[in-house]
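Just so it is clear, the structure is predicted and the values come from calculations on it, not from any experiment. Reminder, nothing fancy here: chain letters follow the sequence lines and each chain counts from 1.
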Amino acid sequence: MNETLVLENRSAPVRTGTAVRLTGVAKVHRTDRIETVALSEVHLEVGEGEFLSVMGPSGSGKSTLLNIVGLLDRPTEGTVEIAGQAMNGLSDRELAPLRNREIGFVFQTFHLIQDLRVRDNVEIPLLYRRLPRGERRALAEAALERVGLSARMGHFPAQLSGGQRQRVAIARAIVGRPRILLADEPTGNLDSRMGDEIIAILEELNREAGTTIVMVTHDARLAERTNRIVRLFDGRQVQ
Amino acid sequence: MWIHVFKIAYKVLLRRKFFTFVSLFGTGLTILVLVVVAAMLDDLLAPRAPEVHLDRTLQVSRMAMRGEQREWTGSPGFGFLDRYCRDLPHVTTMSIFTVGQDVATFVAGEKIVSQLRRTDAAYWRILDFDFLDGRPFGESEVTDGAPVAVLTSSAARRIFRDRDPVGASFDAGGQTLRVIGVVRDVPFFRSSAYADIWAPYTTAATEDYRTRLMGGFQALLLVDSRARFDEIRAEFASRLPHVEMTDPEHYDRMDGGPWTRLEEVASEVAGTSDESERPRTGWFLGALGLLALLFMLLPAINLVNMTMSRIFERVSEIGVRKAFGASTGQLVAQFVMENVLLSVVGGLIGLGLAFWVLHLINASGWIPNADLVVNYRVVSYGLLLSMFFGVLSGAYPAWRMARLDPVQSLRGGER
């Protein structure tokens, strides 16, 4: 019951100290003919407020790991705990509000909805909470201000540069004040200057808001700036 | 949330203009046909002038007289209505009148056929005719059998051409009648009121009708409240066993009842053989609903594929929404709502076309004096039907798409 309270009430003093705990996690993709092991025997603990990067070659299971932590995918074996609460066995209906409150995603390819203005894109996570429109607007504007895009609220994504789009995506990820931010190669589609800008924003979020960040990256230079690096190879944790 | 859904729906509408056109066209045509049918049913069943009190009127227009060997089904006779239907409780006004009969008038060698009803004076109090000139006939004229008549304006024009009809006489089926009033034409679907000429029932050629239990007449009962209908039916039913049969050798009982217009129509459509049973309107309305559903099903199935491909373009959006906390149920609701909005736009186009088609039907003379209109009831039916159509054509694609795996949905290029 206390653990549930931790999830529901961000200001609750009860803290487990561990934001994410994976124990013996494996993910096997099975088809009629072949079986592909995406992850095997992964044990990972991410402390609250930690900024962790996950590195590894393509196909090493980085994104699968991130999807499992983000409750978008289920492990074939092992357990997943978010803020001390076991996620195994929860239905889609139960996972959806947890994703909404606890986790924010930043994708390499931004995944902004082209038909919506920047402000409306940022509001998306708040649509799945019972919030009045005015409050949603105010929160979206505050998030955009935080990533330095106040002047672009009425623009459409197509009118923005790659760096600006990723900043919109970060604003969308943080607008609901999630405990954990998951970034899947957030600088992968950006030049190094824009990439640095994005990392600086993530660092600031981690430092000032205490947001736990798990970032998948290929860029060793960026990974060095985080608290810890986890390396994967062929679905196994090697470091 | 709904503003957000509306914005997205609007943008999606603009995205693939050909798809949008086909969707709107398909929905519009479907709704057009249903709205035209709804307008006809509304004209038949809803209170509209002259049948302004239809909602608290019962009618006795079909009875059965039965014996061991014989059965006579049809309109009741004056004798039955006059002797056994008067003084029913809660009936404020009762009118007895004939079913319409064709009569010929010869004008300058040309034969003009009109429909004549013979009525009492109460008829003009229950039904609210629009008198363009003159007046209706009163109690004394009915009692005296005065050879007077009320005409519709188009009957007056056909018979009298440019002459002023009021005060003039004409020949109707070999009987000379003097015109005392002219009313606006009555649409065919107002079945108790529809005719071209009205004369007192006492102008009939013989007095035979006075004692007949069956044949040629019907009655309207204006009741103080709909809530009394069952009480009246019960009293009516209790009187039937006491009817004194005029031909006891062949007939021993009468069946039937005072029914509402809807019950009469349901009974006509179902071809009820047992007049003693109250017509089942639930069955009739259910059958109408089923027909409408079947009619909508085919275009809906056609639209399903198109809706699927439309939603497929938005796979990445589905992934994003799921990642940020949308449940499958919320996504289904969103996509169905978007489809309903699209269907309502199609429905409004259908309603617009219905205005035009109904105008054409009214002008064509296909239905005598048709006055089919798109009123607030018909608009409500049209909108409800288009919303239902939206759910029908949108539910399956929404359900399929909302169940997509978010990981697969997010795999893809720049969005």
J.: Counting only non-hydrogen atoms closer than 4.5 Å, does A:F105 touch chain B with its backbone (N, CA, C, O), its side chain (CB onward), both, or neither?
T.: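 For A:F105, backbone and side chain are both near chain B.
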J.: Nearest 0.5 Å, please: how far is CZ in B:F324 from CD in A:E123?
T.: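 Answer for the CD-CZ pair, A:E123 versus B:F324, is 13.5 Å.
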J.: Under 4.5 Å heavy-atom distance to chain B, tell me which part of A:R117 shows up: side chain, backbone, both or neither.
T.: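 For A:R117, there is no contact with chain B at all, as no heavy atom is under 4.5 Å.
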J.: Is A:R129 close to chain B through its backbone or its side chain, or both, or neither, when contacts mean heavy atoms under 4.5 Å?
T.: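 No part of it gets close to chain B.
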J.: Measuring from A:Y128:OH to B:Q334:CD, what's the distance to the nearest 0.5 Å?
T.: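 Spacing of OH (A:Y128) from CD (B:Q334) equals 5.0 Å.
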J.: For the CD atom of B:Q330 and the CG atom of A:L127, what is their distance to the nearest 0.5 Å?
T.: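 Here the interatomic distance stands at 9.5 Å.
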J.: Assess whether side-chain contact (heavy atoms from CB on, under 4.5 Å) is satisfied between A:I113 and B:I8, documenting all intermediate values.
T.: CA-CA 9 Å; A:I113 298 173; B:I8 281 270; 4.0 Å; yes
J.: Are the side chains of A:F156 and B:K11 in contact, using a 4.5 Å heavy-atom criterion?
T.: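 With C-beta onward as the side chain, the pair touches.
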J.: Could you walk me through whether A:D115 and B:E317 pass the side-chain contact (heavy atoms from CB on, under 4.5 Å) check?
T.: CA-CA 10 Å; A:D115 290 325; B:E317 179 189 331; 5.8 Å; no
J.: Please report the closest heavy-atom contact between A:R133 and B:K7, naming both atoms and the distance.
T.: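 Closest approach of A:R133 to B:K7, heavy atoms only: NH2-NZ, 4.3 Å.
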J.: Sort by residue number and list every residue of residues 64-75 of chain A having at least one heavy atom under 4.5 Å from chain B.
T.: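 Interface residues of residues 64-75 of chain A: A:N67, A:L72, A:D73.
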J.: Are more than 12 heavy atoms, taken from residues, nucleotides or ligands other than B:R400, located less than 6.0 Å from that residue's CZ atom?
T.: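 Atom CZ in B:R400 is not crowded, with 12 or fewer foreign heavy atoms closer than 6.0 Å.
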J.: Below 4.5 Å, heavy-atom pairs only: which of A:D92, A:N100, A:L182 has the largest tally toward chain B?
T.: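 Counting heavy-atom pairs under 4.5 Å, the top option is A:N100.
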J.: Distance from A:H111 atom NE2 to B:S316 atom OG, nearest 0.5 Å?
T.: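 Spacing of NE2 (A:H111) from OG (B:S316) equals 5.0 Å.
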J.: Against chain A, label B:R321 side chain, backbone, both or neither, depending on which of its atoms sit under 4.5 Å from a heavy atom there.
T.: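 When you check distances to chain A, atoms from both the backbone and side chain of B:R321 fall under 4.5 Å.
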J.: Is B:I3 in contact with chain A via its backbone, its side chain, both, or neither, using a 4.5 Å heavy-atom distance?
T.: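 Contact with chain A: side chain only.
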J.: Less than 4.5 Å apart, side chain to side chain, heavy atoms only: is that true for B:H4 and A:L116?
T.: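 They are in contact (side-chain heavy atoms under 4.5 Å apart), so the answer is yes.
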J.: Tell me whether B:H359 at atom NE2 has more than 12 heavy atoms from other residues, nucleotides or ligands lying less than 6.0 Å away.
T.: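 For B:H359, atom NE2 is not crowded (no more than 12 foreign heavy atoms under 6.0 Å).
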J.: Decide if atom OH of B:Y10 counts as having more than 12 heavy atoms of other residues, nucleotides or ligands within a radius under 6.0 Å.
T.: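 It does not: B:Y10 OH has 12 such atoms or fewer within range.
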